[in-house]
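Since the structure comes first, as structure tokens, the remarks are kept for the end.
Position 1 is the first residue of the sequence; numbering continues from there.
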Amino acid sequence: MTKARDDFTLLWLQAGSCGGCTMATLERGASGWFEELRGFGIRLLWHPSVSEETGEEARAILARVERGEQKLGALCIEGSILHGPEGTGLFNKLSGTGRSMLDWARALAPRADYCVAVGSCAAFGGVPAGAPDPTDASGLQYSGVDIGGALGPDYRSVKGLPVVNVSGCAPHPGWIMETLLALSLGRFTQADMDDYGRPRIFADHLAHHGCSRNEFYEFKASAEDVSERGCLMEHLGCKATQAVGDCNQRGWNGGGSCTQAGSTCIACTSPGFEATRGFHRTPKIGGIPVGLPLDMPKAWFVALAALSKSATPKRVRENARSDRVAQAPAPSAEKKLGTEKKKT
């Protein structure tokens with residue numbers, strides 16, 4: 001088994017967070033996240049929710065890192081950085097230290113070989129940054145689509161990288177662990193990040209890829225109620241064709257995804273997803289969805305949609321508007337195919 005450097009250490013802090021990213025991480029691997037870290041030689045210095053050290057012991061760990069006495073491989077921060085009130089960050093203090101998470105992020109990030117924003121809150125501001133945003137929340141290096149955030153646009157880690165944004169609400173545990181592993185092995189460069197600092201291991205895919213509803217998408221056979229089996233894009237607000245992520249290719253918690261569970265993709269890996277209103281309704285202009293696939297010109301999509309609908313098989317059309325398989329593939333056709341194969 002390939003291992004990380006023996007001195008690669010990991011410090012995880014929680015800022016303006018619901019804790020969901022930690023919960024996702026702990027699901028990682030058949031033997032659990034801690035065993036996987038140990039197996040790859042990554043040493044967890046401290047995590048506020050799972051580590052035994054508390055009080056003075058925890059403060060001592062942070063102090064050693066801040067003074068440069070403890071080498072830090074990766075600083076992972078989960079949750080939004082709260083700047084309020086009035087830029088003090090005092091809405092969110094690290095218990096027992098008397099200092100804000102804004103202060104700690106700015107003190108520790110320059111000490112880390114790499115800084116990782118775990119989840120869309122830490123990456124872009126996420127849910128706490130949603131209007132009216134009384135806490136003045138931001139991500140570590142982005143505020144929505146705008147670069148800056150808590151660390152500023154010019155921040156670079158010891159190894160010369162900007163913040164690595166493992167976005168998602170919550171991110172897939174594989175995205176988190178695979179990113180940490182690549183960093184620990186020294187096999188992650190800026191070329192491995194997209195324009196928003198997201199690792200390409202998941203950001204070079206769309207959530208649409210591998211969706212179990214793709215037959216309905218291809219024929220534009222759309223569901224109109226949430227219980228139906230058809231494509232969720234046209235009427236029910238699904239953004240899988242516009243959202244980065246391999247969610248439908250690797251599955252969650254042993255299998256499954258948002259669309260497989262009957263819900264729409266809300267593009268939680270994207271900056272500003274929290275500003276959406278009416279997640280289960282597709283905004284349209286002139287009957288055409290406003291949000292169209294990222295990988296297809298608008299004119300092509302409109303033309304192909306009309307052509308696809310005209311060629312939709314009766315079986316696909318009926319199944320799209322049903323909560324179960326209303327019409328199976330014709331047995332007679334299967335039998336005919338078998339007969340033809342036998343003849344050849």
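In the model, T259 has a side-chain atom that pairs as donor or acceptor with a side-chain atom of N248 under 3.5 Å.
More than 12 heavy atoms of other shown residues, nucleotides or ligands fall within 6.0 angstrom of atom CZ in R156. The environment of E52 atom CD is sparse: at most 12 non-hydrogen atoms of other residues, nucleotides or ligands sit within 6.0 angstrom.
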Criterion side-chain contact (heavy atoms from CB on, under 4.5 Å) on I77 and V163, from CA distance to verdict: CA-CA 10 Å; I77 295 184; V163 174; over 6 Å; no
Pair K71-D113, salt bridge (Lys or Arg N to Asp or Glu O under 4.0 Å): steps then yes or no: CA-CA 9 Å; K71 184 172 175 56; D113 285 351; 3.5 Å; yes
Derivation and outcome, salt bridge (Lys or Arg N to Asp or Glu O under 4.0 Å), residues E215 and R229: CA-CA 10 Å; E215 180 182 37; R229 302 181 67 248; over 6 Å; no
Worked check of side-chain contact (heavy atoms from CB on, under 4.5 Å) between C258 and I266: CA-CA 9 Å; C258 293; I266 61 174; over 6 Å; no
Test side-chain contact (heavy atoms from CB on, under 4.5 Å) applied to L62 and L13, step by step: CA-CA 10 Å; L62 298 177; L13 298 179; 4.1 Å; yes
Trace of the side-chain contact (heavy atoms from CB on, under 4.5 Å) decision for M101 with Q14: CA-CA 8 Å; M101 286 304 306; Q14 293 173 308; over 6 Å; no
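Hydrophobic clustering of Ile, Leu, Val, Met, Phe, Trp and Tyr side chains at less than 4.5 Å, counting indirect connections, keeps V164 apart from L72. Both V50 and V116 belong to a single network of hydrophobic side chains, linked directly or stepwise wherever heavy atoms of I, L, V, M, F, W or Y lie under 4.5 Å apart. A continuous path of ILVMFWY side-chain contacts below 4.5 Å connects L44 to Y114, so both sit in one hydrophobic cluster. Criterion: ILVMFWY side-chain heavy atoms under 4.5 Å apart, direct or through other members. Under it, F91 and V127 are not part of a common hydrophobic cluster. Linking Ile, Leu, Val, Met, Phe, Trp and Tyr residues whenever their side-chain heavy atoms come within less than 4.5 Å places F40 and F188 in a single cluster.
Of all heavy-atom pairs spanning Q327 and E318, the tightest one is OE1-OE1, 3.1 Å. The minimum heavy-atom distance between H235 and E224, with the atom names listed, is CD2-CG, 3.7 Å. Looking at every heavy atom in both residues, P128 comes nearest to G16 through CG-O, 3.8 Å. The minimum heavy-atom distance between I81 and A105, with the atom names listed, is CD1-CB, 4.3 Å.
Taken to the nearest 0.5 Å, the CG atom of L140 stands 11.0 Å off from the SG atom of C121. The NE2 atom of H280 sits 12.0 Å away from atom CG of D225, with the distance rounded to the nearest 0.5 Å. Here the straight-line distance linking atom CD of E274 with atom CZ of F124 works out to 10.0 Å at 0.5 Å rounding. Rounding to the nearest 0.5 Å places CG of N165 at 8.5 Å from CZ of R198. L11 contributes atom CG, which lies 8.0 Å from atom CD1 of I61 (distance to the nearest 0.5 angstrom). For the atom pair NE2 (H83) and CG (N92), the distance works out to 11.0 Å, reported to the nearest 0.5 Å.
Between R111 and E66 there is no salt bridge, since none of the side-chain N atoms of the basic residue sits less than 4.0 Å from a carboxylate O of the acidic one.
Side chain of H205 to backbone of F202: no donor-acceptor contact under 3.5 angstrom is found.
For the side chain to side chain contact (heavy atoms under 4.5 Å, CB included) with F219, the lone residue among P313, S310, C231 that qualifies is P313.
With a 4.5 Å cut-off on side-chain heavy atoms, M233 and T282 do not count as touching. In this structure, the side chains of K239 and S270 stay at 4.5 Å or more apart for every pair of heavy atoms.
For R59, the side-chain hydrogen bond (donor to acceptor under 3.5 Å, both in side chains) criterion is met by E56, not counting sequence neighbours.
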For residues 167-183, which side-chain N or O atoms pair as donor and acceptor with protein atoms under 3.5 Å away, sequence neighbours left out?
| from | atom 1 | to | atom 2 | distance (Å) |
| --- | --- | --- | --- | --- |
| S167 | OG | T269 | O | 2.9 |
| H172 | ND1 | G174 | N | 2.8 |
| H172 | NE2 | G251 | O | 2.5 |
| W175 | NE1 | D246 | OD1 | 2.7 |
| E178 | OE1 | R250 | NH2 | 3.2 |
| E178 | OE2 | R250 | NH1 | 2.9 |
| T179 | OG1 | W175 | O | 2.7 |

